[in-house]
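These notes concern the structure reproduced below.
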Amino acid sequence: MTSAGRFAPSPSGELHVGNLRTAILAWLFARSTGRNFLLRVEDLDRARSGAEARQLRDLEAVGVGWDAAVVRQTERGALYAEAIDRLAGQGLTYECFCTRKEIQEAPSAPHAPQGAYPGTCRKLSHAEREIRRASRPASIRLRSDVTEWAVEDQLRGRYVGVVDDLVLRRNDGVTAYNLAVVVDDAAQGIDQVVRGDDLLPSTPRQAYLASLLGLPVPEYAHVPLVVNHDGVRLAKRDGAVTLGDLAAVGIPADQVRDLLLGSLGLPPGSLESSVSRFRPEELPREAWVWSVPRGA
Ligand code: GLU
């Protein structure tokens, strides 16, 4: 399988300039290392009608293209089920009946990192599980052997983060993001994951899951986010932030692409023309503060 990078948006709304900048970066990382570039729609959760089509249109408008048919997570349930069955077969899963409130109120296990699942359902007896099943559908959790795991990030270096008994399948039957992303990246031959650095804390969990499933761990590069003037991650409420909003104030997609390239220290023009100049080590390491260009 050819090696590939990817962009994996959740179709929960329109892409804003922060998402588009990450997509451009992922594309440049892939192309400058001779990789294919794939697009995966992460629609297990939060899918809004029409959002996928608008996201694909906007990616193309800033010059981000992809090499194979778009993959949608809602079409891949069998792959996720197979992976969870494999972990279950190794004794690495258990049913969890906890509500969110119970988890918040449970005393945390000794030495457990903050925010980690306290392990309440890990040791339920067969009989206790039978009783709990009658009142509430179970989620499936990983029986993790570690409390932390290290990953190597191309921009951030070695990063050690928490691994707990993370959810693999939610109690409404939906596959959890961490499992789906690991299974999909491996199945699609993705060996380079470039995404926003808000996802760095999830990465040790994903790398650990990949190792348990015997899957290769991809290269990681977590890129700085785009923020508003208060230093907070950009969101729809920050004004003109989508291609649609910007077109309405007289800024076409080409100009947005050039602004984003400029924020990366790259000259205006097509993304192709930046491939040979792209140097990950020269990328700005701080978040980029968005302001709508004057004269619009
Ligand atoms: N679907 C996730 C998001 O839009 C990205 C997941 C990933 O890149 O691994 O935040």
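Atoms within each ligand, like the ligands themselves, are counted from 1 in listed order.
When non-hydrogen atoms are compared, ligand 1 lies under 4.0 Å from neither the backbone nor the side chain of Q73. Under 4.0 angstrom from ligand 1, there are no non-hydrogen atoms of V193.
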Audit row: R205, V162, side-chain contact (heavy atoms from CB on, under 4.5 Å) steps and yes/no: CA-CA 7 Å; R205 293 187 178 90; V162 171; 4.2 Å; yes
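For atom 6 (C) of ligand 1, the candidate residues are R195, E42, Q206; the nearest heavy-atom contact is made by E42. Considering A180, S10, A26 only, the shortest heavy-atom separation from atom 3 (C) of ligand 1 involves S10.
For A8, a nitrogen or oxygen atom sits less than 3.5 Å from a nitrogen or oxygen atom of ligand 1, counting backbone and side chain alike.
In terms of protein heavy-atom proximity, atom 8 (O) of ligand 1 is closest to R6 NH1, 2.6 Å.
Taking 4.0 Å as the cut-off between side-chain N and carboxylate O, R35 and D191 count as a salt-bridged pair. By the 4.0 Å N-to-carboxylate-O rule, R132 lies too far from E128 to be salt-bridged with it. Ionic pairing of E95 and R133 is present here: one or more N-O contacts between side-chain nitrogen and carboxylate oxygen are shorter than 4.0 angstrom.
The shortest heavy-atom distance from F7 to ligand 1 is not under 4.0 Å.
Shown in contact with V181 at under 4.0 Å from a heavy atom are these atoms of ligand 1, numbered in order with element: 9 (O).
Taking the six-membered ring where the residue is Trp, Y117 and Y94 present tilted rings, their angle falling between 30° and 60°.
A donor and an acceptor atom, one from each side chain of Y80 and D184, are located under 3.5 Å apart.
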